[in-house]
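Everything below concerns the one structure shown next.
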Amino acid sequence: EGKHGSLIAATVIQRNVKLPKNILVKLNNGEYSDWTMVSNTRVIKNFNNDDTRYEVVLMKNSELRTKYYDSTGMIIDPII
């Protein structure tokens, strides 16, 4: 007979999604306004939208930078 368990944790990873407006505004009006976004990733932990993080990869000339944001648009520590 099969065993039944409980889901204890889950992570949803989505690539190249539409970013929230508050993050786009910061990117367009801040120090990275002359950089180009080359990719982004949205990470949702345990299906909780309040625990959504965004990784944004930016490029200017040949330099790449990765910035991390929470769902409110605040810069956070890297996603682990």
Side-chain angles (χ1 to χ4, degrees):
E1 295 184 35
K3 294 184 179 182
H4 298 282
S6 298
L7 181 64
I8 56 172
T11 302
V12 176
I13 298 172
Q14 299 170 310
R15 299 197 189 317
N16 298 318
V17 298
K18 181 178 177 183
L19 293 175
K21 185 176 181 177
N22 52 9
I23 295 175
L24 290 173
V25 167
K26 286 193 174 196
L27 290 172
N28 289 329
N29 297 327
E31 66 179 288
Y32 297 105
S33 61
D34 57 344
W35 291 63
T36 301
M37 180 173 50
V38 293
S39 69
N40 70 62
T41 303
R42 175 171 46 202
V43 178
I44 305 169
K45 300 262 182 158
N46 299 320
F47 306 105
N48 180 356
N49 285 334
D50 293 333
D51 195 15
T52 300
R53 311 284 188 216
Y54 295 87
E55 174 187 275
V56 180
V57 179
L58 304 163
M59 182 162 56
K60 180 178 175 183
N61 301 321
S62 60
E63 183 180 352
L64 286 174
R65 288 200 187 165
T66 304
K67 305 304 288 180
Y68 301 91
Y69 298 89
D70 67 12
S71 59
T72 67
M74 298 297 296
I75 293 178
I76 59 171
D77 291 331
I79 299 170
I80 298 175

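Given the structure is predicted, the values throughout are model-derived calculations rather than measurements. Each residue takes its place number in the sequence, starting with 1.
- The structure places CD1 of I76 at 10.0 Å from CD of E55, a figure rounded to the nearest 0.5 Å.
- Between Y69 and P20, the closest side-chain pair of non-hydrogen atoms is not below 4.5 Å.
- I44 and T52 get closest at one heavy-atom pair: CG1-OG1, 3.7 Å.
- Atom-to-atom distance recorded for K45:NZ and I13:CD1 is 8.0 Å, nearest 0.5 angstrom.
- Rounded to the nearest 0.5 Å, atoms OG1 (T11) and CG (N46) are 6.5 Å apart.
- With contacts defined as side-chain heavy-atom distances shorter than 4.5 Å, the pair V57/M59 does not qualify.
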For residues 28-37, tabulate all N or O donor-acceptor pairs below 3.5 Å that involve a side-chain atom, not counting sequence neighbours.
residue, atom, partner, partner atom, Å
N28, ND2, L24, O, 3.2
N29, ND2, V25, O, 3.3
Y32, OH, R65, NH1, 3.4
S33, OG, G30, O, 3.3
D34, OD2, K60, NZ, 2.9

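- Remark: the backbone N or O of R53 is not paired with any side-chain donor or acceptor of D70 at under 3.5 angstrom.
- Shown here for Y68 and D77, the closest heavy-atom pair between the two residues is CB-O, 3.8 Å.
- Of all heavy-atom pairs between F47 and A10, the closest is CE1-CB, 3.4 Å.
- Put simply, the side chain of K18 does not reach to within 4.5 Å of the side chain of R42, judged on heavy atoms.
- Every residue meeting the side chain to side chain contact (heavy atoms under 4.5 Å, CB included) condition with N48, not counting sequence neighbours, appears here in chain and number order: D50, D51.
- L27 is connected to I75 through a chain of hydrophobic side-chain contacts under 4.5 Å among Ile, Leu, Val, Met, Phe, Trp and Tyr, so both are in one cluster.
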